[in-house]
Amino acid sequence: LANYCIDTSRVFGVGHSSGAQMLVNILSHKADADYLKLRGVAPVAADPYNVAIPIPVLYIDGIMDNQRSATSAANTVAKFRAANGCMDSSKTYTPIMACKSAGGGSQVDPGCKIYDGCKVPTIWCAHNDPDYSNTQHGIPCFGVQSIYDFFKTL
């Protein structure tokens, strides 16, 4: 901070797979989460940890991600929903549009929903992008742009 011009009110956290797990794990430790003062996060394909503070989140995972357990995504989102004071209900989140997968040109449904009653935005995108050797364990075709757009709203 002493050597660079950094807008500390606009620092975000992004990670994929093990990087996403590390990000969510950091958020499970209140002292660490408070210290970082992240404005929002966008983990892609993480495992669940208790989230210690309310934080805006765009969580992305493949509905058939075979690198995570069948309940990993739902459990991760449940931890964010609990920290963010969300209700069980949700509605379709339409700002994230469908796209064509890079590998085969398949139509990809981002499958995004935003939860009701949250203190901060809480969005879950469970996509069907078949790329990544059919593991669905990767950043989908809509991923980078949607993360950028989400962070711009915060």
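Predicted model, so just to flag it, every value in this text is computed and none were measured.
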Taking every non-hydrogen atom, the tightest pair across [X] and [Y]:
X      : Y      : answer
Ser89  : Asp116 : OG-OD2, 2.7 Å
Gly105 : Lys100 : O-CD, 3.1 Å
Gln107 : Ala98  : NE2-CB, 3.2 Å
Asn84  : Pro121 : ND2-O, 4.3 Å
Gln21  : Asp47  : CG-N, 3.4 Å
Ala102 : Asp131 : N-OD2, 3.0 Å

Quick one: does any side-chain atom of [X] pair with a main-chain N or O of [Y] as donor and acceptor, under 3.5 Å?
X      : Y      : result
Asn75  : Thr71  : yes
Ser101 : Ser106 : yes
Tyr59  : Ala46  : yes
Asn66  : Gln136 : no
His127 : Asp129 : yes
Thr76  : Ser72  : yes
Asn128 : Asp109 : yes
Thr92  : Thr94  : no

Answer with yes or no whether the hydrophobic clustering places [X] together with [Y]; edges join I, L, V, M, F, W, Y residues whose side-chain heavy atoms lie under 4.5 Å apart.
X      : Y      : answer
Val44  : Val14  : yes
Ile114 : Phe151 : yes
Val24  : Val11  : yes
Met22  : Tyr49  : yes
Leu38  : Ile6   : yes

Going by heavy atoms in the side chains, are [X] and [Y] under 4.5 Å from each other?
X     : Y      : answer
Lys91 : Lys113 : no
Ile60 : Phe142 : yes
Ser17 : His137 : yes
Ser90 : Trp124 : no

How many angstroms lie between [atom1] in [X] and [atom2] in [Y], if you round to the nearest 0.5 Å?
X      : Y      : atom1 : atom2 : value
Ile123 : Tyr93  : CD1   : OH    : 3.5 Å
Phe80  : Asn50  : CZ    : CG    : 11.0 Å
Phe150 : Lys152 : CZ    : NZ    : 13.5 Å

key: Salt bridge Arg68-Asp61, side-chain N to carboxylate O under 4.0 Å   =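 No salt bridge links Arg68 with Asp61.
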ask   = Is the Lys NZ or Arg CZ of Arg39 less than 6.0 Å from the centre of Phe12's six-membered ring, within 45° of the axis?
value =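 No, Arg39 does not lie over the aromatic ring of Phe12.
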request  = Please assess Ile96 against Cys125 for the test side chain to side chain contact (heavy atoms under 4.5 Å, CB included), listing each intermediate value before the final yes or no.
outcome  = CA-CA 9 Å; Ile96 297 176; Cys125 297; 3.7 Å; yes
key: Test side chain to side chain contact (heavy atoms under 4.5 Å, CB included) applied to Leu27 and Val57, Leu36, Ile55, the passing residue   =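 Going through the options one by one, the only one that passes is Ile55.
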key: Audit row: Leu58, Thr122, side chain to side chain contact (heavy atoms under 4.5 Å, CB included) steps and yes/no   = CA-CA 6 Å; Leu58 170 62; Thr122 305; over 6 Å; no
task = Kindly indicate, with the supporting measurements, whether the criterion side chain to side chain contact (heavy atoms under 4.5 Å, CB included) is fulfilled by Met97 and Gln145.
result = CA-CA 10 Å; Met97 307 297 287; Gln145 185 67 52; over 6 Å; no
